[in-house]
Amino acid sequence: MVVRTQHQETGLTALPSRPRKPWFFLALIALCVTGFALYAAGVYGRNSALRDTEEQARVSAGLKVAFLRAVLERPRSLPLLLAEDQQVLDALNLKTSAAVVRLSDKLERLVAATGASVLYVTNAKGVAIASSNWQQADSFVGVDYSFREYFKRSMSSGSAEHFALGSISHRPGLYISRRVGSSADPLGVVVVKAEFDQLESDWLEASRGAFVTDRRGVVLISSIPSWRFMTLSTLLPDEVRDIRASLQFGDASLAPLPFNQAETIGPGMMLVRAVLPGETAGQYLFVSMPVPTTTWQLNYLVPVDAAIASTVREFRLLVLAVLVPFFFVCALVLWRRQAGAIRLARAQANQAELERRVYERTNDLLQARDRLQAEIAGHKATEGRLQGVQQELVQANRLAILGQVAAGVAHEINQPVATIRAFAENAKVFLDRKQEGPAQENLSLIAALTERIGTITDELKAFARKGRTAPQPVVLRDVLDGAVMLLRSRFAGRLDALNMPALPNDFIVKGNRIRLEQVLINLLQNALEALQDTPDARVEVKAIAKDDEIIVTVADNGPGIPENIRPLLFTPFSTSKEKGLGLGLVISRDIITDYGGRLLVESSGQGTTFTIHLLRAEI
């Protein structure tokens, strides 16, 4: 474009046309910067989506592991108790039809009461002599199970757990067995089978998959039925031959699962390309967690394509929302500068000096405006990032609280349930012996513990709704007595190590008896478990009054807490125990803090001391 004035028309001065080179460079820079920014936004958005999905997947997988453990614990006690049951011993020793019928009837009633799939007893040769399904057409009575791995291992080592396909029912399940009699003179084996149909149904989620594999990578439990008895990778010929010979999985194909590893993200986590039933091929986050007390691994597949696409799209739109106005402003500035240069050239003939000063001042103002606009754009970008970070923190906090409360329910009622089971078995023995007095006492204790479990649940509901329970005056001696009573059945014969002098009645603290009992149960249980291999085991519980506090100490002479665990002692799911959840001390500290107290710990090679500071209640 050529701009002309009256001077040019009269042949005096020819003004220059608008330069094109700056516009070319501006367009090139805009394309390069925009392309690089969109690429960087895509990479950052993908990583951000993976981080968010990873946090959610770990929390969900952790909850599934906790629920699986709760399901496994229910049937494990049955073989242990039945191995010493008199009716089982009579049926195996006397071998009379009356004794066998009585045992089968008892097994049938136990299955109905416990929810197990089936219970049966074999003789020393592996032939089932009594079964809970003895009156059904597919009864196990008379079937030879000597070829089963759980029978062989029980006869040799005393107990076994083996996941397999039922030879008669053709239903998969976990067989938990225990030998009856000594290793020198075995009488037979007690077997309980646990099935996981309800658990698999509870795990069912749209576009997600959860499954459990054994040490060879064979799928045992799965929310996707068609994946059962498939494998994470191709098995060796020797492994396939052993599985076929043992009939563990029947005639299952043992084919590899339909996904391939794409990218390793971290320990127990990778990206895979998979095809779920009813879904198209896509990219999934594969999370793997060990299942405590077993050799199993829980695996969890979470789709990430939609999350990545959504997050990348948001970040790229944000980049365009910043860059488009920025380059528009740059173009406007360039246009105005060129226009200003042309206007300066028109008046150069008669106002050269004045035009120079105006140009300098205009240039300064333009630069100041550019700096101001750049600062405004930077502030807007920072504000957007801060809002995103705040939303991520709120979501992370919500998921962390949900994980602690959900896993805490299973952990905190486990001890009363175990005690109820022990009192119930004792009551049965007393009733069989016609000893009504001790039986009624045990039933009264069971009722009290059942009420206690309801109280614990109510307390957890109140915590979820209000955050804490209002403190009340509590007699500390009653709290200690209640904690010892709950631990007595589990640590029978080992409570001699507990040294706890009687406390004065005026030691009254602020809190709630049930929640304070939870704290002391956790501390006493940890101390007694730590002293399991200590010859001169000793646990001392003391309480002193100081100013407006009651200070309680629980000290043991065990090996102490490992140094690598101490910094994470009050971190959820951090534990050195094989069967621990890592929640006991976290919950204990939260309870003490709710009532204005403190929970401190000191540990060395000579033992561990926990100190509880509680506020003294006014009488």
Side-chain angles (χ1 to χ4, degrees), residues 412 415-416 419 452 471-562 565-566 569-570 576-577 580 584-619:
E412 287 304 322
Q415 181 63 37
T419 307
R452 167 176 172 74
Q472 301 173 348
V474 178
V475 179
L476 187 58
R477 184 176 65 183
D478 295 342
V479 175
L480 287 172
D481 292 342
V484 173
M485 184 273 292
L486 286 176
L487 293 173
R488 183 173 292 115
S489 62
R490 179 176 177 185
F491 296 97
R494 293 167 57 188
L495 288 181
D496 294 338
L498 184 61
N499 182 15
M500 186 178 66
L503 300 181
N505 289 331
D506 61 346
F507 275 21
I508 301 177
V509 298
K510 292 182 179 179
N512 176 272
R513 174 176 173 176
I514 297 299
R515 302 190 78 194
L516 294 180
E517 280 184 10
Q518 294 173 16
V519 175
L520 286 170
I521 287 171
N522 282 326
L523 298 184
L524 292 175
Q525 177 178 276
N526 289 343
L528 291 172
E529 288 177 351
L531 298 174
Q532 185 173 1
D533 299 325
T534 303
D536 186 19
R538 186 175 68 258
V539 179
E540 293 186 2
V541 180
K542 297 179 180 179
I544 62 172
K546 185 178 180 181
D547 298 331
D548 59 343
E549 288 185 335
I550 300 293
I551 302 175
V552 183
T553 59
V554 179
D556 64 68
N557 61 341
I561 302 171
I565 297 297
R566 294 176 194 173
L569 198 59
F570 295 103
S576 62
K577 291 190 276 188
L585 291 178
V586 179
I587 295 172
S588 298
R589 185 188 61 178
D590 290 343
I591 291 173
I592 297 301
T593 303
D594 277 348
Y595 298 123
R598 293 172 291 157
L599 178 59
L600 308 176
V601 61
E602 294 179 2
S603 183
S604 64
Q606 287 72 41
T608 301
T609 300
F610 284 88
T611 304
I612 306 173
H613 293 257
L614 295 170
L615 295 179
R616 194 164 189 170
E618 296 180 2
I619 302 176

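All values below were derived from every heavy atom in this structure, side-chain atoms included, with hydrogens, water molecules and symmetry-related copies excluded. All values reported here derive from a predicted model rather than from experimental measurement.
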Can you name the nearest heavy-atom pair linking Ile561 to Arg566, along with the distance?
O-NE, 2.8 Å
Please confirm whether the backbone N or O of Ala545 pairs with a side-chain atom of Arg616, one donor and one acceptor, at under 3.5 Å?
no
Residue among Glu517, Arg515, Gln518 satisfying side-chain contact (heavy atoms from CB on, under 4.5 Å) with Val479
Glu517
With no hydrogens and no angle check, is any side-chain donor or acceptor of Asn499 less than 3.5 Å from a backbone partner on Arg538?
no
What's the separation between atom OG1 in Thr608 and atom CG in Leu523, rounded to the nearest 0.5 Å?
11.0 Å
Distance check, rounded to the nearest 0.5 Å: Leu614 atom CG versus Leu516 atom CG?
6.0 Å
Within the structure provided, determine whether Leu528 and Asp556 are in side-chain contact (heavy-atom separation under 4.5 Å).
no
What is the minimum heavy-atom distance between Val484 and Met500, and which atoms define it?
CG2-CE, 3.8 Å
Go through the structure and list residues passing side chain to side chain contact (heavy atoms under 4.5 Å, CB included) with Asn505, not counting sequence neighbours.
Arg477
Separation of Glu602 CD from Thr553 OG1 (nearest 0.5 Å):
10.5 Å
Rounded distance (nearest 0.5 Å) linking atom CG of Leu599 with atom CD1 of Ile591:
10.5 Å
Testing the basics here: between Pro501 and Val541, what is the closest heavy-atom pair and its distance to 0.1 Å?
CD-O, 3.4 Å
Taking every heavy atom of Phe570 against every heavy atom of Leu585, the minimum-distance pair comes out as CD2-O, 3.6 Å
Criterion side chain to side chain contact (heavy atoms under 4.5 Å, CB included) on Arg494 and Gln532, from CA distance to verdict
CA-CA 9 Å; Arg494 293 167 57 188; Gln532 185 173 1; 3.9 Å; yes
Any pair with a residue in residues 541-550 that passes salt bridge (charged side-chain N to carboxylate O under 4.0 Å, His left out), sequence neighbours left out, goes on the list, sorted by first then second residue, please.
Glu540-Lys542, Glu549-Arg598
Closest heavy-atom contact between Ala543 and Leu476?
CB-CD2, 4.0 Å
Heavy atoms of Ala537 and Leu531 approach each other most closely as CB-CB, 3.8 Å
Across all chains, not counting sequence neighbours, the side chain to side chain contact (heavy atoms under 4.5 Å, CB included) partners of Ala617 are Pro473, Ile508, Lys510
Say you draw a straight line from OG1 of Thr609 to CG of Asn557; how long is it, rounded to the nearest 0.5 Å?
10.0 Å
Return the CG to CZ distance between Leu569 and Phe610, rounded to the nearest 0.5 Å.
5.5 Å
